Amino acid sequence: MTVVTRFAPSPTGYLHIGGARTALFNWLFARHHGGTFALRIEDTDLKRSTQDAIDKIYQGLEWLGLDWDGAPVSQSANAPRHVEVAQQLLADGMAYHCYCTPEELAEMRENARQNGGSTRVYDGRWRDRGPSEAPAGIEPVIRIKMPLDGETTIRDLVQGEVTRTNDTLDDFIILRSDGTPTYMLAVVVDDHDMGATHVIRGDDHLNNAFRQYHLYKACGWDVPEFAHIPLIHGADGAKLSKRHGALGVEHYAELGILPEAMRNYLLRLGWSHGDDEEISTAQAIEWFNLDSVGRSPARFDMDRLLNLNAHYLKEADPAGLAAQVLARARESADKTLSPDAQARLEKGMAGLAQRANTIPDIVDSASLYLFDAPLDFTDKATAALADAEARERLGELAEIFAGLGAWTEENLDAAVRNYAESRDIKLGQVAQPLRAALTGSNVSPGIFEVLSVLGREESLKRLQLVTE
RNA sequence: GUCCCCAUCGUCUAGAGGCCUAGGACACCACCCUUUCAAGGUGGCGACACGGGUUCGAAUCCCGUUGGGGACGCCA
């Protein structure tokens, strides 16, 4: 049997972090089994669905690198099919018309609350009434018949066996009075029609699985495998929501998080493979299974994401990073970039990336490469250059640099060390002023690397500006 | 309120009866390395929610308590 999984977000906002993880797990599971991963947009609530939100989902998935198979399915386009199934269920006696008004329903809800708070709200009052009793002027909904007694057991691939007595299940609506299908009907019909073999989704749908189970049965269809994965919680332990600042994945892209870091982070949230932490996507596809998905919810931890991002930043292609840094710098810079910026960035990227958690971190620290002299100086850099003796040494160093042979890190290193030795001072006493002069800061990559990346001409220019 | 789920360091987790004086990672602290800051290395702090069972033996199995979460729409 070929595995078919699906990710079915409702386009009411952006692709949030929880949805992204659900998508990732579905994608990983499908890829692991050589199956297909489908995308379905649950846009049956036309009032809340927007094209903008749909685009955000595509973009988010693309950014994450989760490619779906085939064209995305628009659930609203399947409405006629959903209606057809509802009518068939009606004809088969598995469903019935219900003429209750919203007021009656509200009353029943109130009643259920009073009398023990039962989960079963609708009392089934139209279940056995004939159409002849239908009140005039009321468009009925169609409700599905749930079993009245016994119990239902779902064999969930993550949660194990979960049993619920059927008296907690009420006859839910599958077709609204305006003739449109409800979510409950639409999911079941679409999943069946798409051939979904595994429904991997958030824990919050576990309760729905019981209702959907009986809908499958009523239709005479095979019930897919279910895997309800725990939700992601905020730092306070409650379901991640907007009030936690739960943001769309594009927000993390904006923050300078790498997609591979996000994938790794999301994967390890609720899934594990022994003590492995840094897991490549190829490795994840090879290892992923539902058995190793935990059953308890995990909290979102930005520190961990940042740490993973730092790791992937070090592994990233320097040229690619340089391009991103350059693009961001062009947007935010108030000065014109050096014509040599890109070349310097590519050469010095390893030194920069090693010190950063995010791409914006690099943009900040890269200003020494991005712009030509004259530099902006931090207070600490200015202080380091306040000493006349230090400036004098820089002047001497400049002369040495001017006469240096090949402009390499090794030669630079040797030259500066020799100089310090000849003056009987510590390397730091000359390296720090040198750093200040070259970078405008007291913090930077290794000073010989900086010298090397900057080149002789620019280095001398910067030294001249502080010594004259 | 009713139903369902969950419960190991602050956080993510390893652990599927003896390998556990509970391991790893993030964060934090210290030290080393060192031209700054990082990175890296070493070490430290730090958890089996509680109570009963079952068993020669329980973090692991069972029951209960407590705590947390989710679901109870003509939303998805």
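Owing to the predicted nature of the structure, the values given are computational and were not obtained by experimental measurement. Chain A is the first sequence line, chain B the second, and so forth, proteins listed ahead of strands; every chain is numbered from 1.
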Considering only nitrogen or oxygen atoms on both sides, find all protein atoms under 3.5 Å from nucleotides 39-47 of chain B and state each distance.
residue	atom	partner	partner atom	Å
B:A39	O3'	A:Lys314	NZ	3.3

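Taking the six-membered ring where the residue is Trp, A:His273 and A:Trp287 present parallel rings, their angle staying beneath 30° rather than reaching 60°.
Within 4.0 Å of A:Ile447, counting heavy atoms only, lies at least one base atom of the nucleic acid. Across all strands, A:Arg295 comes closer than 4.0 Å only to sugar-phosphate atoms, never to a base (heavy-atom distances). Within 4.0 Å (heavy atoms only), A:Pro445 reaches at least one base atom of the nucleic acid. Looking at heavy-atom distances under 4.0 Å, A:Gly446 makes contact with a base. At the heavy-atom level, A:Ser444 lies under 4.0 Å from base atoms of the strands shown. Heavy atoms of A:Tyr265 sit nowhere under 4.0 angstrom from any nucleic acid atom.
Counting only heavy atoms from C-beta on, A:Val162 has its side chain closest to B:C4 among B:U36, B:C4, B:C6.
Between A:His198 and A:Asn26, the side chains place no donor N or O within less than 3.5 Å of an acceptor N or O (distance only, hydrogens not considered).
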- [ ] For nucleotides 16-33 of chain B, just jot down a letter per nucleotide in 5' to 3' order: B, S or -, based on protein non-hydrogen atoms under 4.0 Å.
- [x] -------BBSSS------
- [ ] Any chance you could list the contact pattern along nucleotides 67-76 of chain B? Use B for base contacts, S for sugar-phosphate-only contacts and - for none, protein heavy atoms under 4.0 Å, 5' to 3'.
- [x] --SBSSSBBB
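A salt bridge does not link A:Arg299 to A:Asp236: none of the charged nitrogens lies less than 4.0 Å from a carboxylate oxygen.
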